[in-house]
Each structure stands twice: as structure tokens, then as C-alpha cells.
Amino acid sequence: MALFQIAEPDAKPAPREKRRAIGIDLGTTNSLVATVRDGVAVVLADDAGRALLPSVVHYGEAGVDVGYAAQAEQSKDPANTVVSVKRMMGRGRADLDDERRYPYRFVDTPGMVRIDTRLGVRSPVAISADILAALRARAEAQLGGAIDAAVVTVPAYFDDAQRQATRDAARLAGLPVLRLLNEPTAAAVAYGLDNVARGTYAIFDLGGGTFDISILALSEGVFKVLATAGDASLGGDDFDHRLFCWIIAEAKLPPLDARDTRLLLAKSREAKERLTGRDAAPIVATLGDGRDVRLTLTAATFTDITRTLVQKTLQPVRRAMRDAGLTADDIDGVVLVGGATRMPEIRRAVEDYFGKPPLTNLNPDEVVALGAAVQANALAGNRDGDDWLLLDVIPLSLGLETMGGLAERIVPRNATIPVTRMQEFTTYKDGQTAMSIHVVQGEREKVADCRSLARFELRGIPPMTAGAARIAVTFQVDADGLLSVDARETTTGIAAAVEVKPSYGLTDAEVARMLADSIAHAADDARARALAEAEVEARQLLEITARALDTDAAIVEADERARIDAATARLGAALSAGTSDAAALRAATESLNRATADFAARRMNRDVRRVLAGRTLDAVTSGDRG
């Protein structure tokens, strides 16, 4: 029974209470939280007026410290002070780019990497949850109550496992997350709404640990991501490490312990930041053995030693532009995101490539959190400002393994999400009652060159002749970029499904490598796919021919049988020889097709006569089966 709200005709409805919504930029180096006040997105600062919260967690004897307090322990207690944990999200120990760079005690467990701290073993999810909990507490103190809605940002190139790990961390921190939002897209939201921008924009996002480039079209309140690309192990941390190596070489230092390493890395970051707007920066440090390090870093030297890192940012830019089908002249503006974009070397490289100075009127450290706050405010139902629609994309193609070890793409990369795609498949053998479904991700033609995401089985398929069953496989990617796959036999409705939640998945480097490999090996992959398809077709024809001869040898003439046997032997020999010539294999397959054409026609005619025996023309045309 429906219920109606009763009110006096002239009474005004009570105003809807505004929900407390926040946007969080969970960064590699620093994190922020923002909200929307009076229609304007603002960053929430701590009691000391600091907007940034260092993404550092210290596990000490007195408990857990997060942020500036933890950062102060970085060089004193490096084994229990975790920094750059974002680089470990959704990754196994084998995925770490260089384990020697980390001063931690790693635990050798399956799945996601673990760190043994003074307060026990911690996963990257639990460590990130400590950072998110600190941001939640800051927001609740300033907004006057529990948070109703949150949006947390992730790099555009985070794969399914990394996104799931981020969502789990937010849940562990007690945050009601409505959406995971790509960081470049969040920046575009902030710029598009604040500046009423229209046109095509490049979002150049160089943070502490990751680099993303997204190409977006902004028009009439619609934000559409046209293409995205990125590079792992490429962020402010890598510039710091390059400078750290320069210090070691210049000062002629021996291998250092963890404490001195952390100290010099911190000095490297300070020198890098000092060079913004200056020609030189001093580097002064006293090591644990009492040795003094005194160097002067010039802007020219820094430019020289980081030149290759700057150039590495342009490789994904070119790839994204190519995927979007655009040139630099088509870009109306370039938005810089991330503190690392303050480096003059980066800004010069961006301006040289696009032929126009980048947009810098919003704080690059804050712009992602501001965009996330706007999105959270809209999803929470708070009507502040303009209505708009956000259309994000998936970074890598998703598909299935088919016969011959081939990858059949179902959802192509750069498809707008959320997205649902369905494709029909069929059985390979007569009487097949089950199908193994292998979900893969990547751009190559062979499954062996792609990343395996999940496997599941569909059982209970009615036994039919090969090719008669119809299996509808549906891929669904939600707004957070998380994947579910459903397989259903269309006549009976039996179904099986899987949510893709691997313990750890693709690193950003693997994503970039897979895209690069797909381009470099495009011609080889096309030849390999053609050969694999020819082999599948050949084997299927040999199997069908052998089965038909076993059951109906009596209707084959002697000379016809000789031709069939000869064509069968040639095709079998071609397969056994492992020929790499798809055209030759198809020619042998076609030869057997021609040799069996009359035989197949006689079998079909005989079967038709059996079906029609004893039936009138009227009965056939009326569909009567009596």
C-alpha cells in the first residue's frame, strides 16, 4: 500500500537537509580532503592551517601516527615508517620495482605484499586505511558530524585489483564511498565547473608516484574521457631518487644504511622544491657516522640529470593523443595536476609539446580533491551549482580466451564507463555440456601475451551438435571501473557469473608495457591470429570429416574416398608440420572442403528426406509435425 505525505495546501515543504559529502585525494606523497560549501569546492585544512596531509604512517611504541608527526620519524625509524604506500596497493611482492629501495621488513605471503611493523603485520590496504581515517576525522570535526558520502580518487591506470584495494581501504576507514574517480577526471571536473570551460583538454597529472594523461571533451555539462594513458614508477619520488643517486656520486659515498638513505632522500626532495623559482639550492646533511655532505645543486644540473624522466612523460602523452585521434593543435588547454608539475622542466616540456602554456590558475596539489568533492556533492544529492554528466573510460581492453589461445575483445580500451557489452559464443564439440570461460585483459591477440583476470565454468549446457548452442557472455564495468562477467545459455537460461577481484593485478608499468607491445607487435600478432584461426578451422574440419566417414562410409564412392583421404592427409601433414603459413593451411583446408562437398550434400539430402518422409506439402508449409 502506497503512503502519501499530507501537508497543508499553502505550507512550504521543509528544506532537505544537506548531506555531508567529501572528496579525498589519496596521494602517493600527500593526501587531501575537500568539500563543497555554498556551491564552492574548498579544501579542509588541519588545526595548523595545513591543507596537505603527508601520506606517511609511523607504527611506534605509543601507537599509530599519520601525517606530519609520522614524517618526523621517517629518518629515525625507517623500518616502521611507511611512505609511498600507494605504489604497493593491489600488488604482490614480486611486483615491487626495486625492493632494495624500501627499508621495510616484507613478509613473504601470497597475494598482496605485507610489511612487518612494530605493531604487527600490515597490508597496504590497512596502511592506506590509517591515512583515510585521519582525513575522515579532519572532515567530521569541521563538518560537525559523520560523513554521509565520499568520493576517493585513483590513478587512471589503476587496474581492477588496485581499485578494489582502494575501496577496501576506504571501507576499513569507515568511509561511505559512492564512487572511485580517476584523478585526471577529477581535475577536469574542478576546472570545467570553475571556469565554465568548453572544448578538448589534456589533463597532465604527475604526482609523487604515478603519471597519468587523459584527453577529455567538455561540452554542455558533459565530461567525456576520449583517451587515457600513463606510466608507472614515474613521479616526484623518481626525480628525488635520481637526485639522491647524484648526491651519492658527487660526494663519493659508500653504500648507506636505511636511516642515511631516508635522510638524503628527504634532502633531495627539499632541494628539488627549492629549485622552483631559484637557480641553485644547497644540500647539507650529517650522516650517522658523522660525515658531512655539502653540495650545491644548480637548476642546469637538475635539468640535465632528470632529462630522461621528463622525456618519459611525453611517451604516454603521444599514445593518448594517437588513441583520441587528435593533434596538439586540437587541444584547447592543458591542465597541470600534482605537485611534481611545479618543476620548471615539466612545464617547459608540456608547453613545447602542446604549443601553449599550461593552465595553472588552480593549485595543482588541490585540484584533484576539489573535483572529487564536487562529484561527491552531486552523488549525495546536494544541488549546488550546475548539473553535469561525467563519462570516464576503461584503460585496457577486456575479453575472453577462444579456441587456439586467441583473445577475443569484448570491451575495447577507452570505452566509456559504466559499460555493458554482450557477445555470443558457441560450443566446439558435439555434446559439449560445459564451457570454461577465461577472462583476460590486454591488447595482444594471443592470450599468452595478455593478463589473466579470472576463470569460471558454465555447466548444464544441453548436449547439441557443435556450433548449435548459444552462450551469451556479458561484461559489465561499473562506474568505479570494477568488472563482473556473466555467461548464460540462451535456450535454458542456465547461468554462471564472476566478479573479478584478484588478490593483486597489473602494475602501472605492466599496463604501459602491454600497450606498447600491442603497437610494436601489431603485425606479428595479426599473423599469429590468422594462423591460430586457420589451425582451429583445420582441426574442426578434420574432426567432422572423420566422424562423418565413420557413420556414413557406405554412401562414399571409392574414387571419392581416395580424394577425401588424400586431402585429409595433406591437411593433417600441414598441421603436424607446424607451418607458420596461414594461407597454406587455409588452402589445404579448402581442398578438403572441396573433396567432401558432394559427400556432405548427399548426407544433407538424405537427412532432409528422412524428415519429410510421409508428410504432405501442406503439412510442411503449415509447420505441422504430426
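This one's a predicted model, so the numbers in the text were calculated from it and none came from an experiment.
- Looking only at distances, no side-chain donor or acceptor of Ser84 sits under 3.5 Å from a matching main-chain atom of Arg87.
- With Asp332 contributing its side chain and Gly199 its backbone, the two residues share no donor-acceptor pair below 3.5 Å.
- Smallest separation of non-hydrogen atoms from Ala150 and Ala376: C-CB, 4.4 Å.
- Results of the side chain to side chain contact (heavy atoms under 4.5 Å, CB included) test with Leu206 over Leu309, Val337, Val310, Thr341 single out Thr341 as the only residue that passes.
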Discussion item. Go through it in stages, so that I can follow the logic: the residues are Val154 and Gln162, the test is side-chain contact (heavy atoms from CB on, under 4.5 Å), and I'd like the CA-CA distance, side-chain angles, deciding distance and then a yes or no.
Written reply: CA-CA 9 Å; Val154 292; Gln162 292 165 305; over 6 Å; no

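- The two atoms that bring Ala190 and Gly371 nearest to each other are CB-N, 3.7 Å, heavy atoms only.
- At least one donor-acceptor pair under 3.5 Å links the side chain of Arg409 to the backbone N or O of Glu443.
- Under the rule for a side chain to side chain donor-acceptor pair (under 3.5 Å), the partners of Glu401 that lie at least two apart in sequence or sit in another chain are His438.
- Here CG of Leu226 is found 6.5 Å from CG of Leu326. Values are rounded to the nearest 0.5 Å.
- Residues Ile215 and Met321 form a side-chain contact, since some pair of their non-hydrogen atoms from C-beta on lies under 4.5 Å apart.
- In plain terms, the two heavy atoms of Ala227 and Asp323 that are nearest each other are CB-CB, 3.9 Å.
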Practice prompt. Step by step, work out the salt bridge (Lys or Arg N to Asp or Glu O under 4.0 Å) result for Arg269 and Asp237.
Written response: CA-CA 8 Å; Arg269 176 172 293 134; Asp237 288 355; 3.1 Å; yes

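- Looking only at distances, no side-chain donor or acceptor of Arg136 sits under 3.5 Å from a matching main-chain atom of Ile147.
- Contact between Ala487 and Phe456 at its shortest, heavy atoms only, is CB-CE1, 4.0 Å.
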Item to complete: List the steps and the verdict of side-chain contact (heavy atoms from CB on, under 4.5 Å) for Met89 and Arg163.
Response: CA-CA 8 Å; Met89 291 289 277; Arg163 290 170 188 270; over 6 Å; no

Discussion item. Does Val411 form a side-chain contact (heavy atoms from CB on, under 4.5 Å) with Thr420? I'd like the steps, not just the answer.
Written reply: CA-CA 8 Å; Val411 183; Thr420 300; over 6 Å; no

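- Salt-bridge formation is not detected for the pair Lys312/Asp238: no Lys NZ or Arg NE/NH1/NH2 atom is positioned less than 4.0 Å from an Asp or Glu carboxylate oxygen.
- Within the 4.5 Å cutoff, the side chain of Asn182 has no heavy atoms near those of the Thr153 side chain.
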Practice prompt. Give the C-alpha distance, both sets of side-chain angles, the deciding distance and a yes or no for side-chain contact (heavy atoms from CB on, under 4.5 Å) between Phe158 and Leu180.
Written response: CA-CA 11 Å; Phe158 257 24; Leu180 299 181; over 6 Å; no

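- Here the CG atom belonging to Leu26 is positioned 10.0 Å from the CG atom belonging to Leu53, to the nearest 0.5 angstrom.
- Between Arg421 and Pro412 the shortest side-chain heavy-atom distance falls below 4.5 Å.
- The closest side-chain heavy-atom distance from Val334 to Tyr201 is not below 4.5 Å.
- One finds a salt bridge joining Glu183 and Lys86 here, because a Lys/Arg side-chain nitrogen approaches an Asp/Glu carboxylate oxygen to under 4.0 Å.
- A donor-acceptor pair under 3.5 Å links the side-chain atoms of Arg242 to the main chain of Ile305, judged by distance alone.
- Residues Asp486 and Met422 form no side-chain contact, since every pair of their non-hydrogen atoms from C-beta on lies 4.5 Å or further apart.
- Here the side chains of Ser268 and Lys272 are not in contact, with every heavy-atom distance at 4.5 Å or above.
- Residues Met435 and Ile437 are in side-chain contact: their nearest non-hydrogen atoms beyond the backbone lie under 4.5 Å apart.
- Arg138 approaches Ala51 most closely through the heavy-atom pair NH1-O, 3.0 Å.
- Residues Ile213 and Ala320 approach most closely at CG2-CB, 4.0 Å, considering heavy atoms.
- With Thr306 contributing its side chain and Phe239 its backbone, the two residues share no donor-acceptor pair below 3.5 Å.
- Qualifying side chain to side chain donor-acceptor pair (under 3.5 Å) partners for Ser55, counting only residues two or more places apart in sequence or in other chains: Ser31.
- Judged by distance alone, with hydrogens and angles left aside, the side-chain atoms of Asp212 form no donor-acceptor pair with the main-chain N or O of Gly230 at under 3.5 Å.
- Donor-acceptor pairing under 3.5 Å is recorded for the side chains of Arg342 and Asn363.
- For Thr360, there are no side chain to side chain donor-acceptor pair (under 3.5 Å) partners, not counting sequence neighbours.
- At a cut-off of 3.5 Å, with distance as the only test, a side-chain donor of Thr303 or Glu345 sits close to an acceptor on the other residue.
- Atom CG in Asp205 sits 12.0 Å away from atom OG1 in Thr313 (nearest 0.5 Å).
- Thr426 has its side chain out of reach of Ile471: every pair of non-hydrogen atoms, C-beta onward, lies at least 4.5 Å apart.
- With Gln423 contributing its side chain and Thr474 its backbone, the two residues share no donor-acceptor pair below 3.5 Å.
- Rounding to the nearest 0.5 angstrom, the gap separating the CD1 atom in Ile24 from the CG atom in Leu132 is 5.5 Å.
- Atom-to-atom distance recorded for Cys245:SG and Asp240:CG is 11.0 Å, nearest 0.5 angstrom.
- In terms of modelled atom types and a separation under 3.5 Å, the side chain of Arg322 and the main chain of Thr327 share no donor-acceptor contact.
- In this structure, the separation between CD on Gln164 and CE on Met112 is 9.5 Å, given to the nearest 0.5 Å.
- Less than 6.0 angstrom separates the ring centroid of Phe211 from the ring centroid of Phe204.
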